[in-house]
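Take a look at the structure below.
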Amino acid sequence: MEQLTAILAAHLQSTHHIESVENLIQWQETRPEFEGDLTLVVFPFLKVIKKSPEQLGQEFGQLFLDHAPSVLAFNVVKGFLNLTIASEEFVHTLQQLSFSDLPKTGKKVVVEYCSPNTNKPLHLGHVRNNLLGFSVANLHQSIGCDVVKVQVINDRGIHICKSMLAWQKFGNGETPESSRMKGDHLVGKFYVAYDQEFKRQVKELLEKGLTQEEAEANAPILLEAREMLQKWEQGDVEVMDLWKTMNEWVFKGFEATNQRMGVSFDKNYYESQTYLLGKKYVELGLEKGVFYRKDDGSVWIDLTADGLDEKLVLRKDGTSVYITQDIGTALERFEDFHMDSMIYTVGNEQDYHFKVLFKILEKLGFEWAKNCFHLSYGMIELPTGKMKSREGTVVDADDLMQEMFEVAKERTSELGKIDGLSEKESHDLFEMIGLGGLKYFLLKVDPKKKMVFNPEESIDTQGNTATFIQYVHARIKSILRKANQEGLTTRYAGEKLDLESSEKELVKKLNQFTSVRMEAATQNNPGHLCNYVYDLAKTYNKFYTECPIFKQPSPDPQTVVFRLWLNQKTADCLKYATGLLGIGVPEKM
RNA sequence: GGUCUGGUAGCUCAGUUGGAUAGAGCAACUGCCUUCUAAGCAGUCGGUCGUGAGUUCGAAUCUCGCCCAGAUCACCA
């Protein structure tokens, strides 16, 4: 394509005296319904060259035919010049493709995701968050960045005290061991128990004649929780011990969940250690005149000139608010890593918060603030409505993964695909199919979109699913195993060969990988890669049916090797690309 | 009310800096397994791209108005 561009640019310069050709030359792939491989859009030239689209197309077509050996033929339809490219060119393209991480650029990116509270287990929302954050981190690594994966663990505050208090009141000394429950689920149970008790007390107070507001503010259990928070802040030994114990339970639970999901972190930040950090930077902001102090002593920033509001950054009693902590945490991270950019994977209900945060960091004079990105994603709702932890209407992450596993098991067994597999092999396969299906389902849609999760409909194994992609990989591997048995090589020597159209399509599709990956990484959208992988799998399947290798009549030896090579390259690409999404592909299924 | 995000086939979604007759999957229907894996392939059916204007050779894509849905505008986190 570079060659063709050069030829055209030279022609435009010498014949039509046009110097700046950058914006005029638009290449695109020829649509399947037309003859050809590569298409030049002629319309943009009409403004500078007074000819009809048809004439100009003919002129350019002839030019390529005369000067570019790789162009075999051309046709012009309306304002589109379609070129047929020689098979050698496709072989050459395929030779240059490899699927691995790009060389290091020295750019450092911090990716934050997960951010759980330690009062309840992870749910479907966290799953989307985790998968997005993890795959975006992979994508950046893939294009040559140094990536640091971090999570902030929300381990303090009134909501944590609530589950602690409920455990004290109703727990009877229950532990994960004694109850045989995962620690995070056990603690979550008491968070729900708190809420039930709270509601009961509110109801009681209402019956005594208090208003709803009064009742909610004076429920004894809430007052107790507040008292507990105060004790925590004072470092009360008993409360701290309970806090540490229950948090340990939860951390163990989270670790198990994240491990099964396949995500990991390089560093954890605990809010209990960072919640006071922001204060010293408030002083810095005051010195710089970015912040100002009101008469009552509270500190603010005025962002009205930037289209935002005034925002409090320090209360009049000198304590921090949410954004103060985030300022502190961001700067702490910069001390830790000196990153060039940072990605926050957080739900879209915090869009405004992050706009404000980035603006503040920028005004404080930090260069990297401009490269901060809020990877904002839409909420997941159930057919019955929103998920609410307190009311127990959530899709639990552990349950969900297990359900996916079970469905994969059932479906695979039905199809008789586990014959000849050991118990461990089939277990691993179910896990790969089940988890892969879940991951692909959540990653393929644009992160910005909210989604409705319907458990029955979501667990599909046909069509645009991970299973389909995994199946294609297994098919390829099966062919390559057979080739190996027969002692055939997959190294094509590169002699002249006429390619079938589905072979050409597959090479073209493989050739798109690099640009798709770049787009997915720079836009922080793994969905692009999902769509690509699906497309690739579909393109392969067409090639698979149209270009057999071991079927009779068998193709000539050179074609066999070429097709095996193409199989190998496709498998490499599928494995690498799905790996970036955190999805595994099996050797057999 | 202000700001942000979304609105594409019955359903779930793609659709690169504006490019050819708007694409997939699911669902419904029709063909194809004596073997490179049918979790597949080929095909039929299905659309006033929320709506009205504008910009131009050309608009799902850009601009403006309006309609619908969600989020947000806390000295909560």
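These figures come from a predicted structure and were not determined experimentally. Atoms considered below: every heavy atom in the structure, side chains included; atoms not considered: hydrogens, waters and symmetry mates. In the text below, chain A, chain B and the rest are named by the order of the sequence lines, each starting its count at 1.
For B:U72, the OP1/OP2 oxygens have no side-chain nitrogen or oxygen of A:Tyr352 closer than 4.0 Å.
In this structure, a donor-acceptor pair under 3.5 Å is absent between the side chains of A:Ser320 and A:Gln325.
Atom OH in A:Tyr377 sits about 17 Å away from atom C1' in B:C4, given to the nearest Å. For A:Glu546 and B:G40, the CD to C1' distance is 14 Å, given to the nearest whole Å. Remark: C1' of B:C41 and CD of A:Glu505 are 16 Å apart, rounded to the nearest angstrom. Regarding A:Asn464, its CG atom lies at a distance of 10 Å from the C1' atom of B:U12, rounded to whole Å. If you take NZ of A:Lys588 and P of B:C36, they are 17 Å apart, rounded to a whole angstrom. One can place CZ of A:Arg31 at 14 Å from C1' of B:A24, the figure rounded to the nearest angstrom.
At least one side-chain heavy atom of A:Tyr270 sits less than 4.5 Å from a side-chain heavy atom of A:Asn268.
Within 4.0 Å (heavy atoms only), A:Asn117 reaches no atom of the nucleic acid at all. If you check every strand for non-hydrogen atoms under 4.0 Å, A:Asp155 touches nothing. Residue contacts for A:Met589: at a heavy-atom cut-off of 4.0 Å it reaches a base atom on one of the strands shown.
Of the candidates B:U8, B:U37, B:C41, B:C41 carries the atom nearest the A:Asn541 side chain, counting heavy atoms from C-beta on. Nearest to the side-chain atoms of A:Thr461 among the listed nucleotides B:A14, B:U72, B:A39 stands B:A39. With B:A77, B:C26, B:G70 as the choices, the nucleotide that has an atom nearest any side-chain atom of A:His159 turns out to be B:A77. Checked against B:G40, B:C36, B:G19, the side chain of A:Ile549 finds its nearest nucleotide in B:C36. Set against B:G70, B:A14, B:C36, the side chain of A:Phe550 has B:C36 as its closest nucleotide. Candidate nucleotides B:C13, B:C36, B:A77 were compared by shortest atom distance to the side chain of A:Lys551, and B:C36 ranks first. Residue A:Ile479 has its side chain nearest to B:U37 when only B:A77, B:C57, B:U37 are considered. When distances are taken from the side chain of A:Gln325 to each of B:A20, B:A77, B:U8, the shortest belongs to B:A77. Considering only the side chain of A:Glu349, B:U72 comes nearest among B:G19, B:U72, B:A39. Comparing atom distances between the A:Tyr544 side chain and each of B:C36, B:A20, B:C75 picks out B:C36 as nearest.
Shown here are the side chain to side chain contact (heavy atoms under 4.5 Å, CB included) partners of A:Arg475, two or more places apart in sequence or in another chain: A:Tyr471, A:Asn541, A:Tyr544. The ring-ring contact (aromatic ring centres under 6.0 Å, His included) check on A:Phe198 picks up nothing, with sequence neighbours excluded.
Of all non-hydrogen atoms in A:Glu35 and A:Asn75, the two that sit nearest each other are O-ND2, 3.0 Å. Taking both residues in full, the closest heavy atoms of A:Ser163 and A:Asn119 are given as OG-CB, 3.6 Å, listed atom of the first, atom of the second, then distance.
Stacking here means ring centres nearer than 5.5 Å and ring planes tilted less than 30 degrees, and by that measure A:Phe43 stacks onto B:G19.
Separating the P atom of B:U63 from that of B:U55 is a span of 16 Å, rounded to the nearest Å. As rounded to the nearest Å, B:U44 and B:A39 have C1' atoms that lie 23 Å from one another. Spacing between B:U61 and B:U56 at atom C1', rounded to whole Å, works out to 14 Å. Taking atom C1' on both B:A24 and B:A42, the two are 16 Å apart, rounded to the nearest angstrom. Of the P atoms belonging to B:U30 and B:A20, the separation is 35 Å, rounded to the nearest Å. Across B:C4 and B:A38, the matching C1' atoms stand 47 Å from one another, rounded to whole Å. For the C1' atoms, the distance from B:U5 to B:G46 is 29 Å, rounded to whole Å. Going from the P atom of B:C41 to that of B:A27 covers 13 Å, rounded to whole Å.
For A:Thr39 against B:A20, a side-chain-to-base donor-acceptor contact under 3.5 Å is present. Residue A:Lys417 places a side-chain atom within donor-acceptor reach of the base of B:U37, judged by atom type and a 3.5 Å distance cut-off alone. Scanning atom types as modelled, one donor and one acceptor separated by under 3.5 angstrom connect the side chain of A:Thr412 and the base of B:A39. A:Asp351 contributes no side-chain N or O that forms a donor-acceptor pair with the base of B:C73 under 3.5 Å.
Aromatic ring centroids of A:Tyr191 and A:Tyr194 lie 6.0 Å or more apart. Between A:Phe60 and A:Phe45, the ring centre distance stays below 6.0 Å. For A:Tyr344 and A:Phe354, the gap between ring centers is short of 6.0 Å. In summary, the aromatic rings of A:Phe80 and A:Phe43 are positioned with their centroids under 6.0 Å apart.
Legend: salt bridge (charged side-chain N to carboxylate O under 4.0 Å, His left out) pairs involving residues 515-541 of chain A, not counting sequence neighbours, sorted by first then second residue: A:Lys509-A:Asp535.
The partner of B:G70 is B:C4, judged by Watson-Crick or G-U wobble contacts that both fall below 3.5 Å. Searching all strands for a Watson-Crick or G-U wobble partner of B:C64 with both distances below 3.5 Å returns B:G52. Across all strands shown, B:C41 forms a Watson-Crick or G-U wobble pair with B:G31, both key distances being under 3.5 Å.
Within residues 561-572 of chain A, no residue has any heavy atom closer than 4.0 Å to RNA chain B. Residues of residues 518-536 of chain A having a heavy atom closer than 4.0 Å to RNA chain B, listed by number: A:Glu519, A:His528, A:Asn531, A:Tyr534. Contacts with RNA chain B (heavy atom under 4.0 Å) in residues 297-316 of chain A: A:Asp309, A:Leu312, A:Arg315, listed by number.
Classification of A:Lys51 and A:Glu59 as a salt-bridged pair holds, one side-chain N sitting under 4.0 Å from a carboxylate O. Between A:Lys588 and A:Glu425 there is no salt bridge, since no side-chain nitrogen of the basic residue lies less than 4.0 Å from a carboxylate oxygen of the acidic one. Under a 4.0 Å N-O distance rule, the pair A:Lys316/A:Asp296 does not qualify as a salt bridge.
Ring orientation note: the planes of A:Tyr492 and A:Phe562 are nearly perpendicular, at an angle over 60° on the 30°/60° scale.
Mapping A:Val41 and A:Lys482 onto RNA chain B by nearest heavy atom places A:Val41 closer to the 5' end of the strand. Ranked by how close their nearest RNA chain B nucleotide is to the 5' end, A:Lys355 and A:Ile433 are led by A:Lys355.
Annotated as anti: B:C36, whose glycosidic dihedral deviates from 0 by more than 90°.
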Q: Test side chain to side chain contact (heavy atoms under 4.5 Å, CB included) on A:Cys530 and A:Leu581 and set out the steps.
A: CA-CA 8 Å; A:Cys530 289; A:Leu581 298 167; 3.8 Å; yes
